[in-house]
Amino acid sequence: MRIRTAAPIALAAATALAGSLLATAAPASAAAHQGGLHFGTIQYDGPGKDDRSKKSLNAEWVNIHNNGKKKVQLKGYKVKDNTGYTYTFGSYTIGAGKTVKVRTGKGKNVAGTVHWNRGSYVWNNTGDKARLIKPNGKLQDSCSWGKSTPKNKGVKNCH
């Protein structure tokens, strides 16, 4: 009789333990990019020929997404590559759930899009790493990629 009564108790204890482990494990894996700024999609190798034209330079961009519940003032935030090329945000507020696109080339800043105003490319087509750095110098997010291929089309989804 002891074996029969011990087995259900042991099984119940094991089930409860496994259930609690699963319950705590699920939020940890889902926590990536929850509530805050992060890189979304990066077009590091714009379509077409790299001819340094305004169109070609602006075909290279990074998206920064605010997955938080409050708007965020981006003044002083920086976007950097491996070489050290740096874009520093001026006064720009990104709304909750909104995205801002940072284009490499020149152009007029409008809602949802800002321009780095460079005359040359930033992101390497053979592999690079984008970093989003807070005004205090701490890393907010990063995203890296390998070589541009016909399959990935020079696009990296950083989510």
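Because the structure is predicted, anything quoted here is derived from the model rather than measured. Start at 1 with the first residue, then count along the sequence.
- When every heavy atom of Ile133 is checked against every heavy atom of Lys80, the shortest pair comes out as CD1-CD, 3.6 Å.
- In this structure, Trp61 is not a member of the same hydrophobic cluster as Trp116, with clusters built from ILVMFWY side-chain heavy atoms closer than 4.5 Å.
- Judged by distance alone, with hydrogens and angles left aside, the side-chain atoms of Asn82 form no donor-acceptor pair with the main-chain N or O of Asp128 at under 3.5 Å.
- If you take CD1 on Ile94 and NE2 on His65, they are separated by 7.5 Å, rounding to the nearest 0.5 Å.
- Atom NZ in Lys129 sits 10.5 Å away from atom CH2 in Trp145 (nearest 0.5 Å).
- For Thr126, the side chain to side chain contact (heavy atoms under 4.5 Å, CB included) test picks out Asn124, with sequence neighbours left out.
- Of the inter-residue distances, the one linking Glu60 atom CD with Arg103 atom CZ reads 11.0 Å to the nearest 0.5 angstrom.
- Remark: the backbone N or O of Ser91 is not paired with any side-chain donor or acceptor of Gln73 at under 3.5 angstrom.
- Phe89 and Tyr85 fall within a single hydrophobic cluster, where Ile, Leu, Val, Met, Phe, Trp and Tyr side chains are chained together by heavy-atom contacts under 4.5 Å.
- Partners of Thr41 under the side-chain hydrogen bond (donor to acceptor under 3.5 Å, both in side chains) rule, at least two apart in sequence or in another chain, do not exist in this structure.
- When atom types are taken as modelled, the side chain of Asn63 and the backbone of Gly40 share no donor-acceptor pair closer than 3.5 angstrom.
- To the nearest 0.5 Å, the span separating NZ on Lys134 from OH on Tyr77 amounts to 6.0 Å.
- Sorted by first and then second residue, the disulfide bond (SG atoms under 2.5 Å apart) pairs involving residues 89-124 (not counting sequence neighbours) form an empty list.
- Between the side chain of His38 and the backbone N or O of Ile64 there is no donor-acceptor pair closer than 3.5 Å.
- Using a distance-only test at 3.5 Å, with no hydrogens or angles considered, a donor-acceptor pair links the side chain of Gln140 to the main chain of Leu37.
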